[in-house]
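Note that the structure is a prediction, hence the values are computed from the model and not measured.
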Amino acid sequence: MPTIIAKPFDQDVQTLLSELESGYHAGELSRKDRSELPEQIYMIEADQEMAGYGVIWEYENGKQLIQKAEADYFSDDEKYLQKDFYIDIKNKKDFIFIEALDVLKPFEGKGYAAFFINWLKEKYPNKKMYVYSIDKSQNFWFKQGFEVLSSTAWMTYN
């Protein structure tokens with residue numbers, strides 16, 4: 001059975017991520033400034049071996065996610081396409097943003113990502129969750145009970 005272990009998101013973890021041969025977000029996360037990362041990263045382990053990782057932000061208000069989204073996801077000329085996101089998030093309080101969920105190639109298709117999401121749902125049973133989904137991962141998020149936020153790439157749960 002897999003386990004989820006919280007580790008400090010420090011230089012050692014960034015170095016580990018930079019050395020991975022798979023992991024969609026690994027390279028990007030390994031190069032980010034510490035101020036752009038949460039305090040912890042959640043490692044998915046199987047038999048004491050890293051199977052994947054999740055990067056989660058706990059936000060107190062919608063403004064925090066809007067700032068992150070504008071810095072990391074929206075170009076200035078695309079903001080108007082995200083109006084439904086702005087409308088939905090602006091008054092939200094106390095929610096979760098899933099920045100990254102990656103399962104390493106040897107562990108893909110074995111339920112580790114679903115295990116992680118179920119763990120998150122148990123850890124935060126009453127919190128709304130947001131994820132910025134790319135097309136190829138939308139089916140996974142649908143299977144986890146997430147819904148598309150209008151005509152945006154954002155998906156929500158709860």
Side-chain angles (χ1 to χ4, degrees), residues 4 6 9 13-14 17-18 20-44 50-105 107-158:
I4 309 295
F9 209 144
V13 168
Q14 283 188 287
L17 292 174
S18 74
L20 292 177
E21 294 181 14
S22 66
Y24 184 81
H25 298 92
E28 173 190 347
L29 292 169
S30 71
R31 292 185 300 274
K32 281 193 172 193
D33 186 81
R34 284 285 310 129
S35 66
E36 299 176 286
L37 298 169
E39 291 180 18
Q40 296 182 319
I41 185 170
Y42 294 95
M43 299 295 188
I44 306 167
M50 183 174 148
Y53 54 88
V55 177
I56 309 303
W57 291 89
E58 295 181 54
Y59 287 132
E60 294 176 4
N61 63 65
K63 189 174 187 177
Q64 293 169 294
L65 182 53
I66 287 171
Q67 289 172 340
K68 179 153 185 58
E70 289 179 345
D72 293 353
Y73 301 104
F74 306 159
S75 65
D76 285 339
D77 60 339
E78 293 176 327
K79 287 181 187 177
Y80 77 95
L81 296 171
Q82 305 297 329
K83 68 178 177 153
D84 293 326
F85 165 75
Y86 286 103
I87 291 167
D88 184 79
I89 197 72
K90 71 178 180 181
N91 294 318
K92 291 291 188 278
K93 303 229 181 285
D94 197 29
F95 59 90
I96 303 300
F97 170 55
I98 305 165
E99 180 175 4
L101 173 56
D102 290 335
V103 174
L104 305 182
K105 287 258 187 255
F107 299 93
E108 285 179 352
K110 297 179 181 172
Y112 293 106
F115 178 85
F116 183 82
I117 294 302
N118 288 330
W119 174 82
L120 264 185
K121 289 174 182 177
E122 287 179 28
K123 182 173 174 64
Y124 303 106
N126 299 314
K127 289 194 179 187
K128 190 163 187 96
M129 295 184 199
Y130 287 86
V131 65
Y132 188 81
S133 174
I134 57 175
D135 287 339
K136 72 179 187 176
S137 68
Q138 272 195 342
N139 282 340
F140 167 78
W141 295 108
F142 281 128
K143 289 177 187 175
Q144 306 313 309
F146 283 69
E147 297 175 352
V148 174
L149 181 57
S150 192
S151 61
T152 70
W154 291 88
M155 297 185 77
T156 64
Y157 175 81
N158 225 352

Colleague: Does any part of the side chain of I56, heavy atoms only, come nearer than 4.5 Å to the side chain of F116, both counted from C-beta?
Modeller: yes
Colleague: Does any part of the side chain of I4, heavy atoms only, come nearer than 4.5 Å to the side chain of F115, both counted from C-beta?
Modeller: yes
Colleague: Please find the pair of heavy atoms, one from Q14 and one from L37, that lie closest to each other, and give the distance.
Modeller: NE2-CD1, 3.4 Å
Colleague: Could you walk me through whether L101 and I44 pass side chain to side chain contact (heavy atoms under 4.5 Å, CB included), step by step?
Modeller: CA-CA 10 Å; L101 173 56; I44 306 167; 3.9 Å; yes
Colleague: Distance from I96 atom CD1 to W57 atom CH2, nearest 0.5 Å?
Modeller: 12.0 Å
Colleague: Looking only at heavy atoms, which two atoms of D102 and H25 are closest? And how far apart?
Modeller: OD2-N, 2.7 Å
Colleague: Are the side chain of Q138 and the backbone of D135 linked by a donor-acceptor contact shorter than 3.5 Å?
Modeller: no
Colleague: Within the 4.5 Å heavy-atom criterion, are I66 and F85 side-chain neighbours or not?
Modeller: yes
Colleague: Output the distance between atom CD (Q64) and atom NZ (K93), rounded to the nearest 0.5 Å.
Modeller: 9.5 Å
Colleague: Please find the pair of heavy atoms, one from S151 and one from D84, that lie closest to each other, and give the distance.
Modeller: OG-OD2, 3.8 Å
Colleague: Would I117 and F140 count as a side chain to side chain contact (heavy atoms under 4.5 Å, CB included) if you check the C-alpha gap in whole Å, the side-chain angles of each, and the deciding distance to 0.1 Å?
Modeller: CA-CA 10 Å; I117 294 302; F140 167 78; 3.8 Å; yes
Colleague: Quick one about Y59 and Q67 (side-chain donor to acceptor, distance below 3.5 Å, no hydrogens or angles considered), yes or no?
Modeller: no
Colleague: Using every non-hydrogen atom in the two residues, find where F9 and P38 come nearest and quote the distance to one decimal.
Modeller: CB-O, 3.3 Å
Colleague: If you measure from the Lys or Arg side-chain nitrogens to the Asp or Glu carboxylate oxygens, is any gap between D72 and K32 under 4.0 Å?
Modeller: yes
Colleague: Evaluate the side chain to side chain contact (heavy atoms under 4.5 Å, CB included) criterion for residues Y124 and Y157: first the C-alpha distance (whole Å), next the side-chain angles of each, then the deciding distance (0.1 Å), finally the verdict.
Modeller: CA-CA 11 Å; Y124 303 106; Y157 175 81; over 6 Å; no
Colleague: May I ask you to decide if the ring planes of F95 and Y130 are parallel, tilted or perpendicular, using 30° and 60° as cut-offs?
Modeller: perpendicular
Colleague: Shortest non-hydrogen contact from V131 to I98?
Modeller: CG2-O, 3.6 Å
Colleague: Could you give the distance from OH (Y132) to CD (Q82), rounded to the nearest 0.5 Å?
Modeller: 5.5 Å
Colleague: If we only count heavy atoms from C-beta on, is the M43 to V13 side-chain gap below 4.5 Å?
Modeller: yes
Colleague: Under 4.5 Å between any side-chain heavy atoms of F142 and M155, yes or no?
Modeller: yes
Colleague: For Y53 and A26, indicate whether the former's side chain and the latter's backbone hold a donor-acceptor pair under 3.5 Å.
Modeller: yes
Colleague: On a heavy-atom basis, which atom in F107 and which in M50 lie closest, and how many Å separate them?
Modeller: CE1-O, 3.3 Å
Colleague: In terms of side-chain geometry, is the basic nitrogen of E58 or K123 positioned less than 4.0 Å from the acidic oxygen of its partner?
Modeller: no
Colleague: Atom OG of S137 and atom NZ of K143: how far apart are they, to the nearest 0.5 Å?
Modeller: 12.0 Å
Colleague: Rounded to the nearest 0.5 Å, what separation is found between the OG atom of S133 and the CG atom of L149?
Modeller: 12.0 Å
Colleague: Quick check: are there more than 12 heavy atoms from other residues, nucleotides or ligands sitting under 6.0 Å from OH of Y24?
Modeller: no
Colleague: Does K127 offer a backbone N or O that forms a donor-acceptor pair with the side chain of N158 under 3.5 Å?
Modeller: yes
Colleague: For the pair K121 (side chain) and Q144 (backbone), establish whether a donor and an acceptor sit closer than 3.5 Å, ignoring hydrogens and angles.
Modeller: yes
Colleague: If you count every heavy atom of other residues, nucleotides or ligands that lies below 6.0 Å from E36 atom CD, does the total exceed 12?
Modeller: yes
Colleague: Taking the six-membered ring for Trp, are W154 and F97 closer than 6.0 Å centroid to centroid?
Modeller: yes
